[in-house]
Protein chains: 4
Amino acid sequence: MVRRMIDAGRLVLERDGYANFSTNRVAEAAGTSPGSLYQYFRDKDDLLTVILDQYWDEAAQRVEASLADRLSDSPDQMVRNVVNALLLALEQDSQLLHVAVEAIPQQRLQSRHQALRRRVQDLVSTYLNLLLRSSGRNASTRAWVIVVSMEGLAVRWVLDRPDISREELVEELTALVENYIGALIPEA
Amino acid sequence: MVRRMIDAGRLVLERDGYANFSTNRVAEAAGTSPGSLYQYFRDKDDLLTVILDQYWDEAAQRVEASLADRLSDSPDQMVRNVVNALLLALEQDSQLLHVAVEAIPQQRLQSRHQALRRRVQDLVSTYLNLLLRSSGRNASTRAWVIVVSMEGLAVRWVLDRPDISREELVEELTALVENYIGALIPEA
Amino acid sequence: MVRRMIDAGRLVLERDGYANFSTNRVAEAAGTSPGSLYQYFRDKDDLLTVILDQYWDEAAQRVEASLADRLSDSPDQMVRNVVNALLLALEQDSQLLHVAVEAIPQQRLQSRHQALRRRVQDLVSTYLNLLLRSSGRNASTRAWVIVVSMEGLAVRWVLDRPDISREELVEELTALVENYIGALIPEA
Amino acid sequence: MVRRMIDAGRLVLERDGYANFSTNRVAEAAGTSPGSLYQYFRDKDDLLTVILDQYWDEAAQRVEASLADRLSDSPDQMVRNVVNALLLALEQDSQLLHVAVEAIPQQRLQSRHQALRRRVQDLVSTYLNLLLRSSGRNASTRAWVIVVSMEGLAVRWVLDRPDISREELVEELTALVENYIGALIPEA
DNA sequence: TATGAATGAGACTTCATTCAT
DNA sequence: CATGAATGAAGTCTCATTCAT
């Protein structure tokens with residue numbers, strides 16, 4: 001039943017947009033009554049938070065799933081794989097991606113998204129430190145630059161559908177990152 | 001009078017956020033009545049569109065103003081200057097930037113934003129063609145990558161205020177772009 | 001229009017009781033729409049407060065009106081007149097009296113009532129001091145006893161309609177007060 | 001189980017007030033489910049009625065208990081005792097007293113209260129007849145005046161806590177009643 | 001043209017009550 | 001008997017929009 005409501009809320013969000021994400025409409029879509037919603041969620045925002053948190057978790061899982069068996073690749077392959085996995089993950093549900101990144105007027109509802117971004121950033125930062133053997137002074141900054149730019153590019157590509165194929169994009173983003181990290185990467 | 005309403009709307013948006021952007025409040029801030037609003041704007045969204053369009057135009061103007069007298073610099077200086085100008089422009093009114101990129105539930109209202117992005121992208125594309133003397137085959141793609149990533153990074157830096165100084169950020173973004181364009185840029 | 005809503009609210013309160021005093025019903029009774037109510041009253045409680053304040057003011061006015069030309073009577077006549085005036089005043093609108101004293105679950109809404117009671121108590125206290133030439137030590141206590149008992153008796157008589165005529169009641173209450181004040185009252 | 005629910009209802013009434021006296025909350029406080037409530041009570045009002053009836057019965061019992069062994073006192077002592085007992089009884093649970101006399105929007109629920117008042121009134125009436133050896137013509141009226149005024153004064157004193165000590169109040173109320181009954185009372 | 005009172009649909013939420021288990 | 005999830009009517013309040021003045 002919780003699942004029914006989450007699915008219904010997701011449906012409404014995808015089909016009608018955040019502006020029409022009303023408790024009545026969600027209840028109708030779930031085939032229940034508006035009151036039932038409040039048996040499982042504190043209020044409307046609570047449901048929304050759950051839906052979005054779940055969305056980001058799923059996206060993260062999809063990325064991880066795409067990467068699971070490729071961790072031993074060369075740095076170049078690895079970057080390429082991560083970028084590809086990111087695009088694949090965000091492509092899965094672009095309607096909800098749109099809602100999640102553009103149509104939610106309250107960013108406090110996006111805490112899980114923020115947390116994920118930070119976690120990824122830490123991973124990248126750690127990786128850079130290993131790779132570059134340099135002091136961590138600006139590894140963190142570079143990690144931020146990489147994570148934010150990759151996410152932004154992936155999101156915009158999925159949502160705006162510019163005339164760029166995925167293969168082409170993967171090439172470019174890979175180049176962007178690798179050239180940024182620079183000559184420091186040992187040649188594979 | 002149109003100006004009064006636009007300014008009032010902007011004030012409300014900055015001060016109270018999109019959630020409290022109501023016609024009554026705008027009219028009050030403008031010192032007029034809600035009815036008058038409908039003599040100059042089709043509806044509430046129309047006013048919002050005008051405000052946001054104006055915001056993006058101003059941002060574009062600010063970028064251009066910062067660059068007007070530096071077009072003859074070396075490519076490296078030029079990239080640096082553009083990045084710096086972009087950050088300065090977006091910093092001007094981060095409240096409204098927040099509303100414009102995060103708090104508006106309907107992206108169709110952002111057509112001017114899209115148009116601006118495309119115009120800049122075309123400029124960059126042209127520039128890349130000149131610089132690289134290469135076929136335009138993927139200059140357009142590269143321009144898209146550069147424009148989208150720069151905008152995304154600048155926006156997030158202004159809105160999230162990560163622990164990165166402007167100087168540091170300018171360095172990193174400049175490096176990101178220059179290394180992306182690659183060895184093709186003649187050394188300054 | 002404010003008046004229309006106050007009257008409508010009063011009607012609903014008298015006809016349907018506090019339990020059915022809903023904004024929708026008041027609007028309907030006023031021949032307006034629910035939204036209009038909020039142009040003149042902060043919320044439902046605000047309207048209720050205005051109605052009750054007005055009720056108590058009217059009751060006070062009726063008491064005063066009944067007394068205006070009889071201030072020169074003997075103490076005995078005066079007590080009799082006050083008691084009679086009180087009964088007459090509360091009889092005017094027993095439906096609303098019922099709501100005002102029994103059916104309002106929030107006593108904070110009754111601030112005007114409390115204020116009136118205190119004002120009357122002060123008057124009585126002053127009067128007792130004049131009459132008894134005694135120290136004010138317990139004139140205040142006695143005033144409280146008199147005011148509270150008279151109000152309580154008058155209210156219950158109006159609301160419960162026991163088998164007691166008004167004349168009889170006036171006699172008894174007059175006796176109650178006079179004997180309480182005691183032999184100290186100079187015989188008229 | 002009935003007792004569990006009555007006690008829970010009472011707790012809710014005292015702790016949260018009538019405004020929060022919901023079946024869900026009562027059930028929770030009783031450690032049962034809302035459905036069970038309807039196995040023992042027709043509806044919410046029915047439970048409320050039972051609680052209030054019980055409250056008034058207890059209050060009456062407390063008054064009687066305070067008086068049980070003092071029936072042979074002088075009339076003066078007796079009045080004093082009754083008044084004192086009444087105050088003590090109502091003081092026991094002023095939270096519930098508040099709910100019972102001020103916060104319940106439907107007086108029909110107070111039938112037991114009315115019945116108690118009538119019973120006491122009859123006792124007083126009988127007593128007055130014995131004492132005054134007068135015709136019963138207005139003994140009943142006088143009993144009404146005495147009972148209603150005493151109850152009203154006691155309730156207001158408990159709920160409003162005016163700056164009057166219990167001793168002082170007992171003195172005054174005793175004086176009020178005795179002087180009302182008048183010279184007819186044989187001196188003690 | 002400007003006004004601003006009036007509108008009324010619709011939002012979120014509560015809660016007494018029911019009924020299948 | 002007991003449960004407690006489900007119900008859904010109804011409540012309060014907001015606000016974009018209209019229209020008579």
Side-chain angles (χ1 to χ4, degrees), chain A residues 1-2 4-5 12 18-28 30-48, chain B residues 1-2 4-5 9 12 19-28 30-48, chain C residues 1-2 4-5 12 18-28 30-48, chain D residues 1-2 4-5 9 12 19-28 30-48:
Chain A
M1 166 68 66
V2 167
R4 237 181 43 227
M5 280 167 175
V12 171
Y18 175 73
N20 297 304
F21 179 72
S22 75
T23 52
N24 285 335
R25 209 178 279 216
V26 170
E28 189 192 27
T32 54
S33 76
S36 297
L37 200 151
Y38 291 84
Q39 207 120 43
Y40 301 99
F41 302 95
R42 202 182 314 93
D43 54 19
K44 188 186 150 184
D45 274 1
D46 191 26
L47 171 59
L48 183 60
Chain B
M1 166 70 77
V2 168
R4 271 237 304 279
M5 281 169 175
V12 171
N20 298 109
F21 179 71
S22 73
T23 52
N24 286 333
R25 208 179 278 217
V26 171
E28 188 194 28
T32 46
S33 71
S36 299
L37 200 147
Y38 290 83
Q39 226 119 39
Y40 301 99
F41 302 93
R42 199 183 317 97
D43 55 18
K44 188 185 152 185
D45 274 359
D46 190 27
L47 171 60
L48 183 61
Chain C
M1 167 68 67
V2 167
R4 236 181 43 228
M5 281 166 174
V12 171
Y18 175 75
N20 298 304
F21 179 72
S22 77
T23 52
N24 284 336
R25 208 179 280 214
V26 170
E28 189 192 26
T32 55
S33 75
S36 298
L37 198 151
Y38 292 84
Q39 207 119 41
Y40 302 99
F41 302 94
R42 201 183 314 98
D43 56 17
K44 187 185 150 185
D45 273 1
D46 190 27
L47 171 59
L48 184 60
Chain D
M1 167 69 74
V2 169
R4 271 237 303 279
M5 284 170 173
V12 171
N20 298 109
F21 178 72
S22 73
T23 52
N24 286 333
R25 207 179 280 217
V26 171
E28 189 194 28
T32 46
S33 70
S36 299
L37 198 150
Y38 290 83
Q39 226 118 39
Y40 301 100
F41 302 94
R42 199 182 318 98
D43 55 20
K44 188 185 155 188
D45 276 359
D46 190 27
L47 170 60
L48 183 60

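Residue numbers start from 1 in every chain, and the chains themselves are labelled A, B, ... in the order their sequence lines are given, proteins ahead of strands. When reading the values below, keep in mind they use all heavy atoms of this one structure, side chains included, and skip hydrogens, waters and symmetry mates. From a predicted model like this one, the values you see are computed outputs, not experimental measurements.
- Atom-to-atom, CD of C/Gln39 to C1' of E/dG4 comes out at 8 Å; the value is rounded to the nearest Å.
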Checklist entry - In the 5'-to-3' direction, what one-character label does each nucleotide of nucleotides 16-21 of chain E receive under the scheme B = base within less than 4.0 Å of a protein heavy atom, S = sugar-phosphate only, - = no such atom? => result BBB---
Item to check | Derivation of the side chain to side chain contact (heavy atoms under 4.5 Å, CB included) call for C/Phe41 and C/Thr23 | outcome: CA-CA 11 Å; C/Phe41 302 94; C/Thr23 52; over 6 Å; no
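- Applying the 4.0 Å criterion to OP1 and OP2 of E/dT7, one finds that C/Ser36 has a side-chain N or O inside that range.
- Protein atom CG of C/Leu37 is 16 Å distant from nucleotide atom P of F/dC15, rounded to whole Å.
- One atom, CG of B/Asp46, and another, P of F/dA16, lie 14 Å apart when rounded to the nearest Å.
- Put simply, CG on A/Leu48 is 14 Å from C1' on E/dC12, counting in whole angstrom units.
- The nearest pair of heavy atoms linking B/Asn24 to B/Pro34 is OD1-CG, 3.4 Å.
- Distance OH/A/Tyr40 to CE/A/Met5: 7.0 Å, rounded to 0.5 Å.
- Base-pairing analysis of DNA chain E finds the following stems of at least three consecutive Watson-Crick or G-U pairs, with both pairing distances under 3.5 Å: E:2-21 with F:2-21.
- Distance CZ (A/Arg25) to P (E/dG10): 10 Å, rounded to an integer number of Å.
- C/Asn20 and C/Val12 make their closest contact through O-CG1, 3.7 Å (heavy atoms, listed as atom of the first residue, atom of the second, distance).
- The distance from atom CZ of B/Arg4 to atom C1' of E/dA2 is 11 Å, rounded to the nearest whole Å.
- Atoms CG (A/Asn20) and P (E/dA11) sit 8 Å apart, rounded to a whole Å.
- Counting non-hydrogen atoms under 4.0 angstrom, B/Phe41 reaches nothing in the nucleic acid.
- Every residue two or more places apart in sequence or in another chain was checked for a side-chain hydrogen bond (donor to acceptor under 3.5 Å, both in side chains) with A/Asp43, and none qualifies.
- Here the OH-CG distance, from A/Tyr18 to A/Leu48, works out to 6.0 Å after rounding to the nearest 0.5 Å.
- Closest non-hydrogen pair, A/Ala27 versus A/Ser33, comes out as CB-C, 3.6 Å.
- F/dG11 atom C1' lies 15 Å from atom CG of C/Leu47, rounded to whole Å.
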